[in-house]
Colleague: 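What follows is a structure written as structure tokens; I'll ask about it next.
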Amino acid sequence: TLFSDQQTTTTTMISLKVHGPGGVVRRFAIAEDLSLAQLAERLSHFFNDLPPRYCLRYVDDTGDVISMDREEEWREAQRVLTGQSIRLFVVDKAAESPLPPPPPPLPAHPHPHPHPHGHG
């Protein structure tokens, strides 16, 4: 029959909407049992300008923004957002890590003091 292969592959597909760098949004489906590492591979396939260090964020059922970069956090995201498409946001860790403030600029001396030695 037409549905004979459904006993062997009971893979549930999840619809993903990923907000990547530069405002690019992609939508694709993944297998429910896809690991976070495999998801990262898919993301690098869909986005060619991913930051070297990034984390993923999603908005949970109570409207909080949750960061995830571990497998168990990804499982929890799937559990919380079951039955709906999952919106993920790619966040550049380098861009959001607080940098130390720049040193104060040195007072400008347009002309250094002439040296006491003459022209030699």
Side-chain angles (χ1 to χ4, degrees):
T1 62
L2 193 61
F3 303 106
S4 61
D5 58 343
Q6 286 203 343
Q7 283 93 29
T8 51
T9 56
T10 55
T11 311
T12 309
M13 300 300 283
I14 305 175
S15 177
L16 277 190
K17 247 174 151 174
V18 183
H19 297 248
V24 179
V25 181
R26 300 215 185 259
R27 181 168 185 159
F28 54 96
I30 59 161
E32 191 180 41
D33 53 2
L34 203 73
S35 73
L36 192 58
Q38 289 170 312
L39 174 60
E41 280 177 25
R42 294 295 301 273
L43 290 180
S44 62
H45 169 75
F46 280 101
F47 298 97
N48 51 14
D49 54 350
L50 283 175
R53 289 176 61 245
Y54 66 90
C55 76
L56 292 170
R57 289 189 176 162
Y58 69 95
V59 181
D60 73 359
D61 49 347
T62 59
D64 291 318
V65 178
I66 311 294
S67 300
M68 62 174 182
D69 42 22
R70 291 184 183 81
E71 183 68 30
E72 65 253 39
E73 294 170 316
W74 167 230
R75 293 288 159 226
E76 176 66 8
Q78 290 176 307
R79 192 185 68 76
V80 167
L81 302 171
T82 184
Q84 51 187 303
S85 67
I86 299 180
R87 282 170 67 205
L88 298 179
F89 299 86
V90 176
V91 181
D92 188 348
K93 282 186 174 179
E96 72 161 11
S97 61
L99 294 172
L106 295 169
H109 289 299
H111 298 294
H113 295 293
H115 292 292
H117 331 289
H119 288 291

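Sequential numbering from 1 along the given sequence is applied to the chain's residues. Keep in mind the model is a prediction, meaning the values are calculated, not measured.
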Colleague: With rounding to the nearest 0.5 Å, note down the distance linking CZ in Arg53 to CG in Asp69.
Modeller: 9.5 Å
Colleague: Please report the interatomic distance OG(Ser15) to NZ(Lys17), rounded to the nearest 0.5 Å.
Modeller: 8.0 Å
Colleague: Tell me who clusters with Ile14, hydrophobic residues only, linked when side chains sit under 4.5 Å apart either directly or through other members.
Modeller: Leu16, Val18, Val24, Phe28, Ile30, Leu34, Leu36, Leu39, Leu43, Phe46, Phe47, Leu50, Tyr54, Leu56, Tyr58, Ile66, Met68, Trp74, Val80, Leu81, Ile86, Leu88, Val90
Colleague: Hey, could you give me the CG/CZ distance between Asp60 and Arg79, rounded to the nearest 0.5 Å?
Modeller: 10.5 Å
Colleague: Rounded to the nearest 0.5 Å, what's the gap from CZ on Arg27 to CZ on Arg87? Could you check?
Modeller: 11.0 Å
Colleague: Members other than Phe89 in its cluster, when Ile, Leu, Val, Met, Phe, Trp, Tyr link by side-chain heavy atoms under 4.5 Å?
Modeller: Val59, Val65
Colleague: Are the side chain of Ser44 and the backbone of Glu41 linked by a donor-acceptor contact shorter than 3.5 Å?
Modeller: yes
Colleague: Can you list the residues that meet the side-chain hydrogen bond (donor to acceptor under 3.5 Å, both in side chains) rule with Ser85, with sequence neighbours excluded?
Modeller: none
Colleague: Enter the distance from Gln78:CD to Glu73:CD here, rounded to the nearest 0.5 Å.
Modeller: 12.5 Å
Colleague: Are any non-hydrogen side-chain atoms of Pro51 and Lys93 less than 4.5 angstrom apart?
Modeller: no
Colleague: For Glu72, is there an ion pair with Arg75 - N to carboxylate O distance below 4.0 angstrom?
Modeller: no
Colleague: Any idea which heavy atoms bring Ala37 and Glu71 closest together, and the distance?
Modeller: N-OE1, 4.4 Å
